[in-house]
Structures are given as C-alpha cells and as structure tokens.
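Fair warning: this is a prediction, and the values are worked out from it, not measured in the lab. Lettering follows sequence order; numbering is per chain, from 1.
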There are 2 protein chains.
Amino acid sequence: MVRQPSVAAQNRPPLTRERIIEAALHIVDGQGLGRLTMRRLGDALQVEAMAIYHHMPRGKEELLDGLVSHVAVFPARPPAGEDWRRALREWATAYRARLTAHSGVLPLVVTRRNPAALSDTAASLREILRRAGLPEGAAADGAHALLGYVIGQTALELRGPSPGEPPTDWDARFTAGLELILTGLSSRARRP
Amino acid sequence: MVRQPSVAAQNRPPLTRERIIEAALHIVDGQGLGRLTMRRLGDALQVEAMAIYHHMPRGKEELLDGLVSHVAVFPARPPAGEDWRRALREWATAYRARLTAHSGVLPLVVTRRNPAALSDTAASLREILRRAGLPEGAAADGAHALLGYVIGQTALELRGPSPGEPPTDWDARFTAGLELILTGLSSRARRP
DNA sequence: ACCCGTGCCTTTACGCAGTAAGGTGCAGTC
DNA sequence: GACTGCACCTTACTGCGTAAAGGCACGGGT
C-alpha cells in the first residue's frame, strides 16, 4: 500500500495562500470582521493557527491585505463602442455589488494602506475617460472621483438606516448620485 | 486644614464623558487608532482603566461611537445669499479638513453603525439643495452623493500614495471631483 | 543503508487586550 | 451616627496575535 504524505492522511488538502484567504473571506462574510481571528481561521482550515504563518510570514497584517486585494481589485472593462458612460455605469454597479457582497471587508478597503489594490482599478477608469476625450489630468481626477464616490456611498449605505427616517431606496440613490458625476464628466468630454 | 475629596487630593479634575472622549481623540491623533486602549486611556486621564466604565457602561464600543460623533457631526451652514454652490464648497472643504485632521477616526466614521452622527450633516445638505430648487427626492440623493464623495475621496487620499506614480495634488483633485458633482447638481436646480 | 537538510505543521508560552465582579472611601441626608 | 449612593480601584478571567522551538515525513546525496 502506498503511504500518503501525512497531510493527506488527515484527509485535508494542503494549505495555500489562496485557500487561507478564501476561508478568511468566508468567516468575514458569515460572522463579521470582528470574529476573524487566527485561531478561528485555523479551525476552519483544520490546522493550528500558527500554521498560517508559514504561508503568510507577516501574519494577520498580510492576511488582511490579501482580503483587500481579493475584494477591491476590480478594473472596469473598456466600452465596446463609443458609449463610455454605459461602461462606467456597469462598472460602478458591479463594483458596488461586490463591495456589498463582502461588506465586512469594506472597512479594510477604506483603511489599509494598500494602494496597489486600488491603483489598477483607478487606472482602468482613467483610461476610459482619457479615450472619451478628457485631458490627462481631468481623466485621473474623474477616475478618483468615481472611485471615491462608489466607495463612500456604499459605506454610507452599509452603515444601516437612520431610525426615524423613511426607508431609503439605496439602489435609486446610488444611481442618482452616479448620474450627477457622469453629467459633470460629460460636460468636460470631447463628445458631451 | 480642610480635607479635600480624594479625587481633588490627587490634583486631577473629575472624570467626564467629554474629558474621556477628548483624551481618546488626543491619543488617536497622536499615536493612531491601534494604540487607543482602555488602559492607555486610563493612564492619560490618571485613572485606572475600569473607572472609564462608570461613565461609559458599554465600554470601548461606546467610546468609539463617541469619537465618531465628536468628529463626524458637522452640518453645513446655509448660504448667506443665493450662492448655494459656494456654501457647499465651503462645507466640503471644511469637512475634508476636519476628517484629515483626525484621520485615525475616519475608519470608524466609515465603519460604525452610528447613523445619527451623519444624519444631521446630511439633513443640512439636503436643506440647502432643496432651497436651491431641487425636488425633495433629488435633494436627498444629492446630499448623500456629496457626503459619500467627500468621505470616500478623503479615505482614498489618506490611504497614502501609490508608489511608482507621480505625486498627486490631492487638494486640486478633491476640488475637481467636487465640481463634477456641483455641475451635475446645477443642471437639476431651478437656477442652473 | 544511512544521514541530513527542507518544508509543513504543532506545541508551548508570553504579553497585551477588554471587561465582569466585587471592594473601598468619601459626601450628603436623615 | 447609621445609611445610601457615587466615583473610582483591585483582582482576575478569557481571548487575542505571534515569537520560538520542536517534531515529522519526505527527497536526494553518498
């Protein structure tokens, strides 16, 4: 009989960075960021907590950075035709959906100094605006305005409803605010 | 000799909610959110950590909520004349300045379910837009768009510079994005 | 056949966090 | 002068992140 390596003998796939991050995301989505601890994460992976450090030497810092990258890296796809507004609307809607799907990670996205995670996304937006006819600087500013708006508005939404106020249609509100920015961008584009 | 109460005998003003929050804010501003602990806060107030719980029964939760209220409540002043755009610009600039002055608290503003802290601010913006001639719903949407933008953009700024990219003039970028939204709002106001 | 790294995981232990529970001393009231 | 309540302290518990060291199976050189 062929002897399996000890890890496989415990009926458990070997640890990977990817598996660790997925398990962490599962905990955060299901129980909240506050319940993500190294020990619990170890339990979820059927491993002692310290085993994680072999794959992530920087420990929890590295884990949280990994979560941010996993959720926040989300570049926009360039428009098929001329309709750059449509492309931006689609990106914004999808990005908001992703952030709300992993709402526990949003504080990390906002907080952590992990610029690389957002710079890809910002670059894709900038490129779309540049091709729409905005000057270089205006395109970069517009890209960050969009990114800031989507993140900020989603954060406001996830803070929960103010008691004593009429319930809000956050979908409609998000779209309305987005159109404000798109209107402003249109007035600065080559083809307004 | 008149015997002073023990508290005064230690040359220390009595504990108050206000003094506690101010000391906490001082720690966060000076050393970062991560270094705000109940024990350190107690030291700063020359008091044992557990004394704080007498004034804040919900402990650290209540303390953090207090910090958010202290920083994030910042209603806009209505315009002196007709120039609502100017009033909004002034509010946005001042609010951003306040957030960057207490950058350690921003993660809490974004994260914590403390809706009351922002609803006053949002209401003041909504009122300005309503008087500028926007319909009720559009005014509320616009107010949240502004709030979301300012918070989101400021959060992006405080994440720090992406290495390998040209240094950003965040003041100019903030203003540029703000003008995008103001342009969009103007096209929907009674007096565009 | 033996040895010895190397990779992956476990064991143990330390310091610091938040806070529950109960104690202490003073001020004011009756 | 006993009683009551406020403000603060003492002690102790659980859980956290992680440094340090140990074990253990594999693979390859000799």
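Across the protein-nucleic acid pair, B/Leu64 atom CG and C/dA17 atom P stand 15 Å apart, rounded to whole Å. In this structure, B/Glu48 atom CD and C/dG18 atom P are separated by 14 Å, rounded to whole Å. The distance from atom CZ of A/Arg58 to atom C1' of D/dG17 is 14 Å, rounded to the nearest whole Å. Atom-to-atom, CE of B/Met56 to C1' of C/dG18 comes out at 15 Å; the value is rounded to the nearest Å. For the pair A/Leu41 CG and D/dC16 P, the interatomic distance rounds to 12 Å; values are reported in whole Å. One can place NZ of A/Lys60 at 8 Å from P of D/dT18, the figure rounded to the nearest angstrom. One can place CD1 of A/Ile52 at 16 Å from C1' of D/dA19, the figure rounded to the nearest angstrom. For A/Tyr53 and D/dA21, the OH to P distance is 17 Å, given to the nearest whole Å.
Nearest-nucleotide mapping onto DNA chain C: of A/Val47 and B/Gly59, the residue sitting toward the 5' end is A/Val47.
Dense packing is recorded around CZ of A/Arg98, with more than 12 heavy atoms of other residues, nucleotides or ligands lying under 6.0 Å away.
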Polar atoms only, N or O, under 3.5 Å: list the protein pairs with nucleotides 12-14 of chain D and their distances.
none

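Note: A/Tyr149 and A/Phe174 have parallel aromatic rings, judged against thresholds of 30 and 60 degrees for the angle between ring planes. A/Tyr95 and A/Phe74 have parallel rings, their planes meeting at less than 30° on a 0 to 90° scale where 60° marks the start of perpendicular.
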- Message: If you apply the rule side-chain hydrogen bond (donor to acceptor under 3.5 Å, both in side chains), what do you find for B/His55 with B/Arg17, and how did you get there?
- Response: CA-CA 6 Å; B/His55 302 266; B/Arg17 247 190 88 94; over 6 Å; no

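Taking a cutoff of 4.0 Å between a charged side-chain nitrogen and a carboxylate oxygen, B/Arg130 and B/Glu127 qualify as a salt bridge.
Of the side-chain N and O atoms in A/His55, none sit less than 4.0 angstrom from OP1 or OP2 of C/dG7. Applying the 4.0 Å criterion to OP1 and OP2 of C/dC9, one finds that A/His54 has every side-chain N and O outside that range.
Candidate nucleotides D/dC8, C/dG18, D/dT18 were compared by shortest atom distance to the side chain of B/Leu15, and D/dC8 ranks first. For B/Met50, the side-chain atoms get nearest to C/dA21 when compared with the rest of C/dA21, D/dT18, C/dT10.
A heavy-atom distance below 4.5 Å is found between the side chains of A/Leu63 and A/Leu36.
Nucleic acid contact for B/Arg40: sugar-phosphate only, since backbone atoms but no base atoms lie under 4.0 Å from a heavy atom of the residue.
Every residue two or more places apart in sequence or in another chain was checked for a salt bridge (Lys or Arg N to Asp or Glu O under 4.0 Å) with A/Asp83, and none qualifies.
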